[in-house]
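Just so you know, these numbers come straight off a predicted model, no measurement behind them. Residue numbering restarts at 1 for every chain, and letters A, B, ... go by the order of the sequence lines.
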Number of protein chains: 2
Amino acid sequence: MNDVLRLRPGYALRRAANAMMSELARRLGTIDLRIAEASVLLLIDRREDVTASEIGRILDIQRANMVPLLGRLEAAGLIERRPIDGKSQAVLLTESGRRRRAQADAITTQFEDDLMARIDPAHRDHLIPALGALWRAD
Amino acid sequence: MNDVLRLRPGYALRRAANAMMSELARRLGTIDLRIAEASVLLLIDRREDVTASEIGRILDIQRANMVPLLGRLEAAGLIERRPIDGKSQAVLLTESGRRRRAQADAITTQFEDDLMARIDPAHRDHLIPALGALWRAD
DNA sequence: TGATAATGTTATTGTCAATAACTATCCGCA
DNA sequence: TGCGGATAGTTATTGACAATAACATTATCA
């Protein structure tokens, strides 16, 4: 590979994220979940009365993009919506959603163990702090 | 932010890459380049007779997706194509392409300096090796 | 020479993300 | 209490990057 790009942190970050996403998408595909869907399921476990907007704020997903996402989860019978007031609605897991969430949890946990195992122990513990600084700095 | 996701390396990687890409896209937008376009320009500098397929292999861009990408660069007058034989074509920078490449180089270099500056020095030097292990392990 | 591989292309699809515009509802405060 | 501004949910559209399948043409090499 060309040195012009190999050593650039931005490029390395992009490539690593792409490789990670495509492998994670493959694994989550076995339980019929997209990555964004799985992150919603993982988030709303044991939280009662989380609204769609709130999920979006936490995961940085635009309100507008939550609509089809939650629509798919609801169509798959994984979540239910219950009106809180005239304006907001709670999103909660169905029984089937809880089972699926457990599967997604197992898959992602295993996946991330596999990820970390590929990194030299000398570098391993620095990854999350370094990424955190990039992510939360704006 | 919720601990369920904050500490997951896959999620942190995805979020960091998203934040990075959106800021980089903004900066490259000032010289009318997309990220993928800039990486092509950065790659083909001073390489004569690189074919489209070869660029795609190095950058992991499908042959099919190189077509519109190079088409845009050519329409913008940044590259030229010259037939090597009946089947392959060399991609080379025009004079205007060389100037644009220099701008892109300056922007990305500055950008990545800014990125690295945000990371605690204790973690900084571990980022590229760690990302490299994730990217090149498949 | 003749099968096989490689190149460039068209067309289509998928995933995630961003923006604008709209309706309806809630909430704080004068 | 009523009003204005903020908030929730929605529709529709767009953009960037990536993946797949199919095809015609040309090169390669056994």
Practice item. Consider only side-chain heavy atoms of I, L, V, M, F, W and Y, link residues closer than 4.5 Å, and tell whether B:V91 and B:I84 are in one cluster. Key: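 B:V91 and B:I84: separate clusters.
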Exercise for review: Check the hydrophobic clustering (I, L, V, M, F, W, Y; side-chain heavy atoms under 4.5 Å; chains of links allowed) and say if B:M116 and A:L134 are grouped together.
Suggested key: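 Yes: a chain of side-chain contacts under 4.5 Å links B:M116 to A:L134.
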When the distance from [atom1] of [X] to [atom2] of [N] is rounded to whole Å, what number comes out?
X	N	atom1	atom2	result
B:M21	C:dT15	CE	P	18 Å
B:I35	C:dA17	CD1	C1'	13 Å
A:L59	C:dA18	CG	P	13 Å

Exercise for review: On DNA chain D, reading 5' to 3', which nucleotide is the first and which the last to sit with an atom under 4.0 Å from a heavy atom of chain A, could you check?
Suggested key: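 Both ends considered, the range comes out as D:dT7 to D:dA18.
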Practice item. Rounded to the nearest 0.5 Å, what's the gap from CD on B:E37 to CG on B:D32? Could you check? Key: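 Between atom CD of B:E37 and atom CG of B:D32 there are 8.5 Å.
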Review point. What is the distance from atom CG of B:L42 to atom CD1 of B:I107, rounded to the nearest 0.5 Å?
Key: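 Result: 10.5 Å between the selected atoms.
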Could you list the donor-acceptor pairs under 3.5 angstrom formed between side-chain atoms of residues 54-71 of chain A and any protein atom two or more places apart in sequence or on another chain?
{"from": "A:D60", "atom 1": "OD2", "to": "B:R15", "atom 2": "NH2", "distance (Å)": "3.0"}

For residues 20-27 of chain A, which side-chain N or O atoms pair as donor and acceptor with protein atoms under 3.5 Å away, sequence neighbours left out?
{"from": "A:E23", "atom 1": "OE1", "to": "A:R26", "atom 2": "NE", "distance (Å)": "3.3"}
{"from": "A:E23", "atom 1": "OE2", "to": "A:R26", "atom 2": "NH2", "distance (Å)": "3.2"}
{"from": "A:E23", "atom 1": "OE2", "to": "A:R27", "atom 2": "NE", "distance (Å)": "2.8"}
{"from": "A:E23", "atom 1": "OE2", "to": "A:R27", "atom 2": "NH2", "distance (Å)": "3.3"}
{"from": "A:R27", "atom 1": "NH1", "to": "A:D114", "atom 2": "OD2", "distance (Å)": "3.0"}
{"from": "A:R27", "atom 1": "NH2", "to": "A:D114", "atom 2": "OD2", "distance (Å)": "3.1"}

**Study point:** Salt-bridge criterion met for A:R8 and B:D105 (N-O under 4.0 Å)
**Key:**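 A salt bridge links A:R8 with B:D105.
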Check your understanding: Touch check for B:N18, heavy atoms < 4.0 angstrom, all strands: base, sugar-phosphate only, or nothing?
Key ->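 Since only primed, P, OP1 and OP2 atoms lie under 4.0 Å of B:N18, the category is sugar-phosphate.
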Practice item. Please identify each residue that fulfils ring-ring contact (aromatic ring centres under 6.0 Å, His included) with B:H126, with sequence neighbours left out. Key: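 Expected list: A:H123, A:H126.
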Exercise for review: State, yes or no, whether a side-chain contact exists between B:R124 and B:L127 at a heavy-atom distance under 4.5 Å.
Suggested key: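 Contact flag for B:R124/B:L127 side chains = no.
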Exercise for review: Could you check if a side-chain atom of A:L78 sits within less than 4.5 angstrom of a side-chain atom of A:L33, using non-hydrogen atoms only?
Suggested key: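 Of all side-chain heavy-atom pairs linking A:L33 with A:L78, at least one is under 4.5 Å.
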Point to revise | Strand-adjacent residues in residues 61-75 of chain B, judged by heavy atoms under 4.0 Å from DNA chain D | key: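 When residues 61-75 of chain B is checked for heavy atoms under 4.0 Å from DNA chain D, the hits, listed by number, are B:Q62, B:A64, B:N65.
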**Study point:** Close approaches to DNA chain D from residues 77-90 of chain A, in residue order (heavy atom, under 4.0 Å)
**Key:**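 Contacts with DNA chain D under 4.0 Å: A:R81, A:K87, A:S88, A:Q89.
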Exercise for review: Return the 5'-most residue of the pair A:R14, A:A52 with respect to DNA chain D, ranking by each residue's nearest nucleotide.
Suggested key: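 Whichever sits nearer the 5' end wins; that is A:A52.
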Point to revise | Among B:R81, B:R82, B:E80, the one residue meeting side chain to side chain contact (heavy atoms under 4.5 Å, CB included) with B:Q89 | key: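 Single side chain to side chain contact (heavy atoms under 4.5 Å, CB included) partner of B:Q89 among B:R81, B:R82, B:E80: B:R81.
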Exercise for review: State whether B:S22 places a side-chain N or O below 4.0 Å from either non-bridging phosphate oxygen (OP1 or OP2) of C:dA18.
Suggested key: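 B:S22 to C:dA18 OP1/OP2: no side-chain N or O under 4.0 Å.
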